[in-house]
A.B. asks: 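Before anything else, here's the structure in question.
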Amino acid sequence: MYKRLDEAGTAVTITVDGRQIAARAGDTVAAALIAAGIAHCRTTPVSGAPRAPYCLMGVCFECLVTVDGIGSRQGCLVPVREGMAVETQVGKREAGR
Amino acid sequence: MTKASDLAPSYDLVVIGGGPAGLAAAALAARAGLATVLFDENPGVGGQIYRAIGFSPVKDRTILGEDYWAGAELAAEAKASGASIVTGATVWSLDPARLVGVSIAGQARLIQAGRVIIATGSLERPFPVSGWTLPGVMSAGGAQTALKAQGLVPSGRTVMAGGGPLLWLLAAQIMRAGGRLDAILDTMPRRNWLRALAHLPDFVLSPYFAKGLKLLREVRAKVRVIRTDRIEAVGGDRLREVVFTVGADERRMPADLLLLHQGVVPNVNLAIAAGVAHAWNERQLCFEPVLDGDFTSSVPGIAVAGDGAGIAGGTAAAERGRIAAIAAVRALRPAAAVPDLQTIRQRLQREEMGRAFLDWLNRPADSFRQPTGDTIVCRCEEVTARQVRDTADMGCEGPNQMKAFLRCGMGPCQGRLCGLTVTELIAAQRGTTPAEVGYYRLRPPVKPITLAELASLPIAEAERKAVER
Amino acid sequence: MRTADVVIVGGGIHGCSTALHLALRGLRPILIEKDYAGRHASGVNAGGVRQLARDLHEIPLSIASMGLWERIEELVGDDCGFESHGTVLVAENETELATFRARVEDLRLRGFTHEELIDRAELKRLVPAVADHCPGGVVSRRDGAADPFRTTQAFRRRAIEKGAEVLEGVTVTGLTKVGANWRVETSAGPIEAPKVVNAAGAWADRIAAMLGEPVPLTVVAPMLMVTSRVPAFIQPVVILRGRKLSFKQLANGTVVIGGGHLATSNRDRNETVLDWDRLAISVRTVWELFPAMRAATIVRAWAGIEAYMPDGIPVVGPSSTAEGVFHQFGFSTHGFQLGPGTGAMMAELVATGSTNTPIDGLGIERFR
Ligand SMILES: Cc1cc2nc3c(=O)[nH]c(=O)nc-3n(C[C@H](O)[C@@H](O)[C@H](O)COP(=O)(O)OP(=O)(O)OC[C@H]3O[C@@H](n4cnc5c(N)ncnc54)[C@H](O)[C@@H]3O)c2cc1C
Ligand SMILES: Cc1cc2nc3c(=O)[nH]c(=O)nc-3n(C[C@H](O)[C@H](O)[C@H](O)COP(=O)(O)OP(=O)(O)OC[C@H]3O[C@@H](n4cnc5c(N)ncnc54)[C@H](O)[C@@H]3O)c2cc1C
Ligand code: FES
């Protein structure tokens, strides 16, 4: 869907549901998912429909993911960090994770 | 990086939002001697127009255009002014006594402000078409942010739909960057010209005229533009094709990415939650705060500047920020030297001149604001247009009652992507006006906050006493 | 001149319930509401339908209400989201548990059996997520929770179907006796009726003042928070005694956290301002009691404007100064559950001059 204008930049590796993803310093989690071609980052708690980042500016809450164990974070506002563990969210987020 | 624990318990001025309005306001106020802090929830300042200024990976300056790079100066000015600029800081509450709730890296604080300037800007108007929740459908602003901040450009089969200056700007930027754009579906009704024409003379004199024409020409030379009055995003787990009508014909275009945009509207959540009175703007089809000439709101000590005060663009946003900051300085340090207000007002007036023309010309069609049938209106709670219309028919008179019946607006986005649609649908269904129907009553937290964050608030005196007793 | 059999001031759960029960008795009431039905406490409360931990004077009304809650759909044509999974009062230590034991024993001697003492094991069975340090508690098994706005609206709708008239956006501004009737001045013109019910919630002292009947009502604004949807993990409503907390998960997965910490309010402007320091206290209590909730997010918080009486129990019964006027207010942050039964009792009292439900100790004359 998207390509990087240039591949320079500091490489940062994060995991998404355990799988390693190559990101760049300066990416947000949502941007890294998009750049990696990950189609959706969560399913809705209501109908289970798949959703992906929509606005990338912090207003739509479609980019909710679990980051390093903390659920429902807005992926488009969280910068990636080396070794960050991102989990896509299925429906209602489990309490206690 | 500023941490929550680095913050003072109070500041003369708290500026919320680090776009042009917030940056200009903070710079002016700090230079005049106010203890000023600016909070922005994004990882960097710049706001929407100057997103990622200073660390954008886009090096070729022609791609984003000189208007973008102008933001560097504003950011530098704010940094040099002595204001504390805190990024990654989400403001989740503001009350009429100007107590500001903010979270930074999972730690929350309540900060007392002498004055507050809300500069939270705008967001894209909801564009509720069938299938707009599918992965592969994004807002054009989102794609632009990915370009500015991460240097990402569309590379698959890409369609843009809607209208308004930003849509054309993004199309040009994508083409300049070597991205892929297969078609633009122009949804702006032709008859808009009728109302717009009267304002053409002003527009011709405004700074936007020459830029706008050039941009349109640039895009039209490279991309197919098709006029349509119906769009549907179709797919299963993700977008597969865009269906649209041209005259009586239905056409289908396979696509990986559909970018939607039909203008921007003020981001009203924080101001409404703070108790600021709002009114309906019929020309811009949105709610905006009721403000005086200094951008002071109905709540004493709280001003709203920038596009959050009503859409007028990035340059106007900065001027508005300065005017609001001068009012704050005059209130708190009457003797401090400030720039000449009249000059700023004149510059602002020039900026705002072409607005009426742009607004009338780019006024989205009713059918794209007031959906029907199973089109989702509230993305969070998955409430459809039919449900909202039926509930209005049953006697539900306002968005707050609608919330209680359907849960629309009760999800994490707190109505940002459905508020205007719900108001307009109720008005349409009940034969009244959006002004009559009103908007959601919004409550803090204006952004969700984790229990852990709230628990991290320093233990107040009252509670300590209660525990000791 | 517009006339009615009864004018009801206030469209909360109480006014709407009384309107319905009067209409069911064949009377023609007009209900007057300054905003819209359910705009205030009745539409925004925590929805707790509890008999547990009530003042002795309220228990008969509460029990009568419970009977109506259990056939709420039959009564109002909507299930009101009512679900019955009990209320559990959790003891945080042995001292608390001992106090609870004494209370349950006292109730039993008076013939009330709805409260039941439970030990650690039963507590864990009912509320598996509760922290391990809690030694037991009290359960009222028939208790539950309902959707407050939907409930108030359902009463309003059914009242209208049965012949009541509901005027919204209309304010009562005066009460004067004209012959055998009360002349009720409103922002939409006067209405005359032989009987008036004051169900004006946090504004009810103003109606009483119109009758020369001052009453020590204070206006409070309890706060609530709700989380995003989380997987089901708790069924009963949980309340604490020592620290302020009420806690419940709705069917949609969201968790409502309340318990009585107060916002500041301005009843003339329908305005409440939240106190985050105090909400943080509730949050820390949840933190300790339900470790599983620590990563949940708060999506909204709000407060409702409510009447509080010095003794924490409502004012229910005839006026002590004005013949034909009846009071039904001052529910002191727990009047939602009481709505159905109090309305039925009030309709009986207004229509017949007496009631079979004991309301001793609830009259306004106690403040004279
Ligand atoms: C997606 C998008 C892209 C745009 N791109 C352009 C463009 O390229 N060119 C152009 O001329 N105009 C653009 N605009 C129009 C834009 O509104 C500009 O006119 C300009 O950015 C307005 O400046 P501002 O200072 O009022 O607000 P903004 O620039 O919008 O800045 C507001 C800032 O407030 C922050 N904020 C919001 N809520 C909170 C909160 N609760 N806590 C902390 N921080 C918060 C946001 O993160 C944001 O950085 C765009 C608008 C949008 C919505
Ligand atoms: C946050 C919160 C949580 C709560 N949780 C629970 C709970 O879990 N369980 C429980 O049992 N109870 C609970 N309560 C208490 C319960 O909500 C109230 O006791 C109950 O709703 C009171 O109902 P009411 O009809 O007396 O008052 P209201 O609902 O306040 O209705 C009174 C109405 O009178 C109208 N009015 C006032 N003056 C005039 C006038 N002059 N003319 C016309 N109209 C007028 C007002 O606009 C108002 O709508 C809670 C309350 C709050 C605020
Ligand atoms: S993509 Fe919209 S909030 Fe993150």
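So you know, we letter chains A, B, ... as the sequences are listed, proteins then strands, and number each from 1.
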A.B. asks: Considering non-hydrogen atoms only, spot the tightest contact between A/C63 and A/C76 and give its length.
C.D. replies: SG-N, 3.4 Å
A.B. asks: Would you say the side chains of B/K148 and B/Q173 form a donor-acceptor pair under 3.5 Å?
C.D. replies: no
A.B. asks: Side chain, backbone, both or neither: which part of A/R24 has a heavy atom under 4.5 Å from chain B?
C.D. replies: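 When you check distances to chain B, no heavy atom of A/R24 falls under 4.5 Å.
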A.B. asks: In terms of side-chain geometry, is the basic nitrogen of A/D27 or A/R81 positioned less than 4.0 Å from the acidic oxygen of its partner?
C.D. replies: no
A.B. asks: Which bit of B/A452 is near chain A, if near means a heavy-atom gap under 4.5 Å: side chain, backbone, both or neither?
C.D. replies: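 No part of it gets close to chain A.
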A.B. asks: With a 4.5 angstrom heavy-atom cut-off, which part of B/Q144 approaches chain A: side chain, backbone, both or neither?
C.D. replies: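 B/Q144 has no heavy atom closer than 4.5 Å to chain A.
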A.B. asks: For chain B, find which of A/C41, A/A35, A/S47 contributes the most heavy-atom pairs closer than 4.5 angstrom.
C.D. replies: A/S47
A.B. asks: Examine whether an atom of B/L134 lies under 4.5 Å from a heavy atom of chain A, and if so say whether it belongs to the side chain, the backbone or both; otherwise answer neither.
C.D. replies: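 For B/L134, no heavy atom lies under 4.5 Å from chain A.
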A.B. asks: So for B/I174, is it side chain, backbone, both, or neither that comes closer than 4.5 Å to the heavy atoms of chain A?
C.D. replies: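 Looking at B/I174, nothing touches chain A.
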A.B. asks: Counting heavy-atom pairs under 4.5 Å with chain B, which one of A/M57, A/K3, A/H40 comes out on top?
C.D. replies: A/K3
A.B. asks: Side chain, backbone, both or neither: which part of B/A177 has an atom under 4.5 Å from a heavy atom of chain A?
C.D. replies: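 Contact with chain A involves both backbone and side-chain atoms of B/A177.
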A.B. asks: Less than 4.5 Å to any heavy atom of chain A: does that hold for the side chain of B/R416, its backbone, both, or neither?
C.D. replies: side chain
A.B. asks: Is it the backbone or the side chain of B/L239 that comes under 4.5 Å from a heavy atom of chain A, or both, or neither?
C.D. replies: neither
A.B. asks: Before giving the answer on side-chain contact (heavy atoms from CB on, under 4.5 Å), spell out for B/L406 and B/E381 the whole-Å C-alpha distance, their side-chain angles and the decisive distance to 0.1 Å.
C.D. replies: CA-CA 8 Å; B/L406 297 178; B/E381 294 291 326; over 6 Å; no
A.B. asks: Knowing that exactly one of B/V102, B/T87, B/T120 qualifies, which makes a side chain to side chain contact (heavy atoms under 4.5 Å, CB included) with B/F39?
C.D. replies: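 Of the listed options, the one satisfying the test is B/V102.
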A.B. asks: Checking B/Y439 now: which residues fulfil ring-ring contact (aromatic ring centres under 6.0 Å, His included) with it, not counting sequence neighbours?
C.D. replies: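 Residues passing ring-ring contact (aromatic ring centres under 6.0 Å, His included) with B/Y439: B/F287.
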A.B. asks: Check A/D6 with A/R4, please: is the shortest side-chain N to carboxylate O separation under 4.0 Å?
C.D. replies: no
A.B. asks: Out of B/L147, B/T145, B/D256, B/L152, which one racks up the most heavy-atom pairs below 4.5 Å with chain A?
C.D. replies: B/L152
A.B. asks: Check whether the side chains of B/E453 and B/S456 place a donor and an acceptor atom closer than 3.5 Å, and report yes or no.
C.D. replies: no
A.B. asks: With a 4.5 Å cut-off on heavy-atom pairs, point out which of B/T158, B/V153, B/L260 contacts chain A the most.
C.D. replies: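 Top option by heavy-atom pairs under 4.5 Å: B/V153.
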A.B. asks: Do A/T66 and A/Q89 have side-chain atoms, one donor and one acceptor, less than 3.5 Å apart?
C.D. replies: yes
A.B. asks: Is it the side chain or the backbone of B/P154 that comes within 4.5 Å of chain A heavy atoms, both, or neither?
C.D. replies: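 Answer is both: backbone and side chain atoms of B/P154 are under 4.5 Å from chain A.
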A.B. asks: Heavy-atom pairs under 4.5 Å with chain B: which of A/A30, A/G9, A/A39 has the most?
C.D. replies: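 Heavy-atom pair counts peak at A/A39.
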A.B. asks: Measure B/L123 against the heavy atoms of chain A and call it side chain, backbone, both or neither at under 4.5 Å.
C.D. replies: both
A.B. asks: Do the side-chain N and O atoms of B/E124 and B/S139 include a donor-acceptor pair separated by under 3.5 angstrom?
C.D. replies: yes
